[in-house]
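Here it is, the structure in full.
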Amino acid sequence: MPRTIRITRSHKLATAVLVAAGSVTAIAATGGQSDAQPAAAKTSIAAEKVAGVSTAKEAAAKKAAQETAAKKAAADAAAAKKAVAERKAAAEKAVADRKAEAKKSAEKARSEKQAANRSTERKAVAAPKQYKNNLDGWIRESLDIMKKKNIPGSYEGLHRNIMRESSGNPNAVNDWDVNAQNGIPSKGLLQVIQPTFDAYHVNGTEKKLTDPVANITAAANYAADKYGSIDNVDSAY
């Protein structure tokens, strides 16, 4: 038969004390958990804030690096464009300089040529045509003067009559014919008397009867008047 346990007043008090103590312990445990939860939450929030700040800084640094890289790329592109423009300008300037130099050289050459031409023209005007001091030269000079004065005659006609009259001697004198007897002998290449020379003298030639060119042109002028041309004379005239 089971033993009956008698609960006394003392047991009841003890039991009440134990129950109370358990309740206090439970309440203390519950209070501790309640205090720990806000602290953990605060720690988590702080960590999240730190992580957010770090991420923002990294994003800002990345953005700054990208902007710096973009600026550098833009500066490099601008520098390259400027260099190309400068090279192009230098090349164009070089071409322009060469053209200007070529034009200057051409103008200088043209100016020198014109100056040379003017000098040649002045020399041609200043320096009269030169003739040999012989029968050929005298005839040619006479023909040029005759041409200017519209006096007809040819080289052949002059030469033929000169050889017949004086054999080409400009100082030949006829001292035996009627003119000589009258005191006015025929003289020179074409044996002209002084009155005839004075009457038919051609301006621009010497006023000397025995001057070769003056003698020829005066005789040709006389022959043109009397016979139409010296070419038409074949004997004493």
Side-chain angles (χ1 to χ4, degrees), residues 98-237:
R98 286 196 296 271
K99 287 183 178 179
E101 186 63 28
K103 182 178 179 181
K104 183 178 179 181
S105 298
E107 289 177 350
K108 182 179 179 182
R110 184 165 55 253
S111 178
E112 290 176 349
K113 184 178 180 180
Q114 290 174 347
N117 290 339
R118 288 193 297 270
S119 178
T120 301
E121 289 172 359
R122 284 195 296 271
K123 287 180 180 180
V125 172
K129 185 177 179 179
Q130 298 297 312
Y131 301 93
K132 293 180 180 179
N133 188 28
N134 56 24
L135 181 58
D136 178 73
W138 301 330
I139 293 175
R140 293 186 185 282
E141 184 175 356
S142 296
L143 285 170
D144 286 344
I145 295 172
M146 290 163 60
K147 183 178 181 180
K148 292 178 182 179
K149 301 296 183 178
N150 294 317
I151 300 172
S154 66
Y155 187 100
E156 187 278 330
L158 291 173
H159 186 270
R160 172 167 44 79
N161 280 283
I162 287 170
M163 296 308 293
R164 186 189 67 253
E165 293 291 330
S166 67
S167 299
N169 179 8
N171 296 312
V173 178
N174 184 330
D175 56 3
W176 54 267
D177 67 2
V178 65
N179 290 318
Q181 294 174 7
N182 291 330
I184 48 172
S186 302
K187 296 181 180 180
L189 291 173
L190 283 168
Q191 294 293 285
V192 182
I193 60 175
Q194 191 67 49
T196 301
F197 178 82
D198 293 339
Y200 290 94
H201 173 260
V202 177
N203 292 332
T205 63
E206 297 291 333
K207 290 187 176 181
K208 181 180 179 182
L209 179 58
T210 55
D211 178 83
V213 175
N215 188 277
I216 293 172
T217 54
N221 195 24
Y222 167 79
D225 183 44
K226 299 299 182 180
Y227 306 102
S229 171
I230 191 69
D231 294 350
N232 297 328
V233 178
D234 291 309
S235 62
Y237 60 107

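Heavy atoms only: backbone and side chains are in, while hydrogens, waters and symmetry mates are out.
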In this structure, CD1 of Ile216 is separated from CG of Asn221 (nearest 0.5 Å) by 13.5 Å
Please report the interatomic distance CG(Leu135) to CG(Leu189), rounded to the nearest 0.5 Å.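 Answer for the CG-CG pair, Leu135 versus Leu189, is 6.5 Å.
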Qualifying ring-ring contact (aromatic ring centres under 6.0 Å, His included) pairs with a residue from residues 158-206, counting only residues at least two apart or across chains: Phe197-His201, Tyr200-Tyr222
Considering all heavy atoms, the nearest Pro152-Gly228 contact: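 Nearest pair, atom of Pro152 first, then Gly228: CG-O, 3.3 Å.
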Hey, what do you get for CG (Asn169) to CE (Met163), rounding to the nearest 0.5 Å?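 It is 10.5 Å, given to the nearest 0.5 Å.
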List the atom pairs, donor and acceptor, that lie under 3.5 Å between side-chain atoms in residues 100-117 and the rest of the protein, sequence neighbours left out.
| residue | atom | partner | partner atom | Å |
| --- | --- | --- | --- | --- |
| Ser105 | OG | Glu101 | O | 2.9 |
| Asn117 | ND2 | Lys113 | O | 3.3 |

Look at atom CD of Gln194 and say whether more than 12 heavy atoms of other residues, nucleotides or ligands are closer to it than 6.0 Å. yes
Qualifying residues under side-chain hydrogen bond (donor to acceptor under 3.5 Å, both in side chains), relative to Tyr155, sequence neighbours excluded: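 With neighbours one apart ignored, the set is Asp136.
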Any side-chain heavy atom of Thr217 within less than 4.5 Å of one from Met146? yes
Note: Leu143 and Ser154 closest approach over all heavy atoms is CD2-C, 3.9 Å
Can you tell me how far apart CD1 (Ile139) and CG (Leu158) are? Round to the nearest 0.5 Å.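 Here the rounded value is 6.0 Å.
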Closest approach of Ile230 to Gly157 (non-hydrogen atoms, all atoms of both residues):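 Answer, listing the atom of Ile230 first, then Gly157: CG1-O, 4.3 Å.
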Of the non-hydrogen atoms in Val213 and Trp138, which two are nearest, and what is the gap between them?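 In terms of heavy atoms, the two residues are closest at CG2-O, 4.0 Å.
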Looking at Lys148, Lys149, Lys147, which one forms a side-chain contact (heavy atoms from CB on, under 4.5 Å) with Ile151? Lys149
I need the full list of side-chain hydrogen bond (donor to acceptor under 3.5 Å, both in side chains) pairs touching residues 181-193, with sequence neighbours left out, sorted by first then second residue. none
Can you name the closest pair of heavy atoms from Ala219 and Leu190 and give their distance? CB-CD1, 3.4 Å
Listed partners of Glu156 passing salt bridge (charged side-chain N to carboxylate O under 4.0 Å, His left out), at least two apart: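 Partners of Glu156 by the salt bridge (charged side-chain N to carboxylate O under 4.0 Å, His left out) criterion, ordered by chain and then number, come out as Arg160.
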Do the non-hydrogen side-chain atoms of Thr210 and Pro170 ever get within less than 4.5 Å of each other?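 The answer is no, as the side chains (C-beta and beyond) never meet within the 4.5 Å cut-off.
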What pairs with Asn161 under side-chain hydrogen bond (donor to acceptor under 3.5 Å, both in side chains), at least two apart in sequence or on another chain?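 side-chain hydrogen bond (donor to acceptor under 3.5 Å, both in side chains) list for Asn161, sorted by chain: Arg164.
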Nearest 0.5 Å, please: how far is CD1 in Ile184 from CG in Asn179?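 Spacing of CG (Asn179) from CD1 (Ile184) equals 5.0 Å.
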What distance separates Tyr131 OH from Asp144 CG, expressed to the nearest 0.5 Å? 3.5 Å
Locate the shortest heavy-atom distance separating Ala180 from Asn174; write the atom from each residue and the value. CB-O, 3.5 Å
